Amino acid sequence: MLKALGVGGATLVVAGTGVLSYRVLDTGVLKPGSGEAYYPWRHWRDTPGPAGAVAAAILAANPHNTQPWAFLIAGNTIDVFVDDSRNIGQVDPLRREQHVGLGCGLENLALACQARGLEPTIQLLPDGAGSARVAHVTLTPAEPLAGPLYDAIGDRHTNRGPYDGRAVSAERLAGLVDTAGRPEVAVHWLTDPAQMEQMGQLLVDAALALTRDEQQSRDSFGWFRSNNDAVQQHRDGMTLDPQGMTPLVLSIAKLLPASSRTGGDAFWVEQTRTVHTKTAAAYGVLTAADADDRATQLIAGRLLERIHLTATSRGVALQHMNQITERMDRERLTGAAETFGPRFAGLLPAAARPLVAFRVGYPVRTARPSPRRPVSEVIR
């Protein structure tokens, strides 16, 4: 809002107030997405070799922007590790989303290696499913190979804003998915109006249940960065910028006092009810026969990242929406009665177990980036 007034007007308003001035600076109202926390998005192409591939890997989708990865470069190899300290607690109690996120990072890594003339050979879980090392990548010199998916890495962001209501054709949806070489996972599209209505209600109910679960609510809120100082310090987590608000509403939200946990929960549920589910053109669900298998979760992450990159390259927005499986895992861990698994199963083929879900559509607004830690912090 202040930026729209022009530099002179904004300067006048900032100079003429006390608390308002502090909030403008503290929350980065005038320059959203600025500062060193966003540097990786602007310079991910600059570095050659394996370190440059890691610069692309860290821009991948991941749960709550926890960035749960670490990398070790040694000669012609890159090892990928899970940093299990970077998790969302009881929101992801079985670490399903964490490993899917690692798979997303692995896909970016592979694409960036190829673009730098390094052909990657990937071995998943070289030390077994319980090891922190989730992948061993051997690099062989080759002709550089870059394409639209690689080019989309820097533009791929989760779009939590409204979609414009246009249908995404079945042909275009099919074109977003390439499961070749990935028999472990499948993608199921929900486009029928009745199924869409059921899925939407299930997402709202799951969001509400998650916010009413004290531990899940606290674990989720722990990753929210409410001001620019926290964003620049941590360079991770959820922020206001990518929430899909209009520039005016975003500016006002940043000028208001930081939201409480209960206020943030209420906002998310309301957005799920009135924006996310009401404007989705279709829902996608990645499934597997064994959704608990770590290798399958990594493979699903690689496929999910490819879907998101393909969608980005074709002007289709995507938002990851995993509250249903988060509640399923929470109920399973606590021994509570299953309330979400049976309802979700009714929307999917028999024996297909859900891994992750997302919505797609044509965006009203361009999505904003989330902060990222620099390469120097993730290379061991």
Side-chain angles (χ1 to χ4, degrees), residues 32-33 41 59-62 65 104 107-108 111 147-179 186-204 207 238-251 253 267-286 301 303-324 347 354 356-370:
W41 289 104
L59 302 182
N62 64 98
N65 195 27
C104 291
E107 185 60 27
N108 272 17
L111 291 168
L149 296 192
Y150 172 74
D151 291 336
I153 287 175
D155 297 322
R156 184 220 59 81
H157 308 298
T158 296
N159 195 314
R160 299 176 179 85
Y163 302 162
D164 67 11
R166 287 179 291 163
V168 181
S169 69
E171 180 180 12
R172 173 149 289 198
L173 290 176
L176 299 180
V177 181
D178 178 9
T179 57
V187 180
H188 300 283
W189 293 106
L190 302 178
T191 58
D192 176 79
Q195 284 189 320
M196 291 274 291
E197 181 68 25
Q198 292 178 60
M199 182 66 171
Q201 188 59 56
L202 191 53
L203 286 164
V204 172
M238 304 294 289
T239 70
L240 284 172
D241 285 345
Q243 298 307 313
M245 294 178 275
T246 66
L248 175 61
V249 173
L250 176 61
S251 296
F267 172 80
W268 176 47
V269 172
E270 185 64 15
Q271 288 291 100
T272 302
R273 179 183 290 112
T274 62
V275 177
H276 304 162
T277 59
K278 290 302 181 184
T279 67
Y283 296 107
V285 185
L286 268 64
L303 176 58
L304 179 63
E305 185 72 0
R306 289 186 72 86
I307 291 172
H308 202 163
L309 291 171
T310 304
T312 299
S313 70
R314 299 179 183 182
V316 177
L318 186 149
Q319 179 188 0
H320 307 272
M321 302 186 73
N322 291 311
Q323 56 261 47
I324 304 173
L347 296 171
V356 291
F358 55 91
R359 68 170 181 137
V360 296
Y362 294 104
V364 172
R365 291 184 287 274
T366 301
R368 295 183 182 276
S370 296

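A quick note: this is a predicted structure, and the numbers were derived from the prediction, not measured.
With hydrogens and angles ignored, the 3.5 Å screen pairs no side-chain donor or acceptor of Arg172 with any backbone N or O of Val316. Proximity of a side-chain donor or acceptor of Asn62 to a complementary backbone N or O of Cys104 within less than 3.5 Å is not detected. A side-chain donor-acceptor contact under 3.5 Å links Arg359 to the backbone of His276. The main-chain N or O of Leu59 is found under 3.5 Å from a side-chain atom of Arg156 such that the two form a donor-acceptor pair. Checked by atom type and distance alone, the side chain of Trp41 pairs as donor or acceptor with a backbone atom of Ser370 at under 3.5 Å.
Summarising the geometry, atom CG belonging to Leu203 is positioned 4.5 Å from atom CE belonging to Met321; distances are rounded to the nearest 0.5 Å. The NZ atom of Lys278 sits 10.5 Å away from atom CE of Met196, with the distance rounded to the nearest 0.5 Å. The distance from atom OG1 of Thr312 to atom CG of Asp155, rounded to the nearest 0.5 Å, is 7.5 Å. Rounded to the nearest 0.5 Å, atoms CG (Leu176) and OG (Ser313) are 8.0 Å apart. With values rounded to the nearest 0.5 angstrom, Ile307 atom CD1 is found 11.0 Å from Leu149 atom CG.
Nearest heavy-atom pair, Ala61 versus Glu305, reported as atom, atom and distance to 0.1 Å: N-OE1, 3.4 Å. Taking both residues in full, the closest heavy atoms of Ala282 and Thr191 are given as CB-CG2, 3.8 Å, listed atom of the first, atom of the second, then distance. Closest approach of Pro369 and Pro242 over heavy atoms only: O-CG, 3.8 Å. For the residue pair His308 and His157, the shortest heavy atom distance occurs at NE2-O, 3.3 Å. Annotation for Val360 and Leu173: closest pair CG2-CD2, 3.8 Å, computed over non-hydrogen atoms. The two atoms that bring Tyr163 and Leu318 nearest to each other are OH-C, 3.5 Å, heavy atoms only.
The side chain to side chain donor-acceptor pair (under 3.5 Å) test applied to Asp192 returns no partner, not counting sequence neighbours. The side-chain contact (heavy atoms from CB on, under 4.5 Å) search around Glu197 returns none, not counting sequence neighbours.
Two residues are said to be in side-chain contact when any heavy atoms from C-beta on lie closer than 4.5 Å; His320 and Leu304 meet this criterion. Glu270 places a side-chain heavy atom less than 4.5 Å from the side chain of Arg273. Two residues are said to be in side-chain contact when any heavy atoms from C-beta on lie closer than 4.5 Å; Leu347 and His188 fail this criterion.
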Please walk me through it: do Phe267 and Met245 pass side chain to side chain contact (heavy atoms under 4.5 Å, CB included)? CA-CA 12 Å; Phe267 172 80; Met245 294 178 275; 4.3 Å; yes
Step by step, would you call Leu309 with Leu111 a side chain to side chain contact (heavy atoms under 4.5 Å, CB included)? CA-CA 11 Å; Leu309 291 171; Leu111 291 168; 3.6 Å; yes
Does the pair Tyr283 and Leu202 meet the rule for a side chain to side chain contact (heavy atoms under 4.5 Å, CB included), with working shown? CA-CA 12 Å; Tyr283 296 107; Leu202 191 53; over 6 Å; no
Run the side chain to side chain contact (heavy atoms under 4.5 Å, CB included) test on Gln323 and Thr272 for me, step by step, so that the C-alpha distance in whole Å, both residues' side-chain angles and the decisive distance to 0.1 Å come before the verdict. CA-CA 10 Å; Gln323 56 261 47; Thr272 302; 3.7 Å; yes
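Arg160 and Gln319 are not linked by any side-chain donor-acceptor pair at a separation below 3.5 angstrom, with hydrogens and angles left out of the test. A donor atom on one side chain and an acceptor atom on the other are not found under 3.5 Å apart for Thr239 and Arg368.
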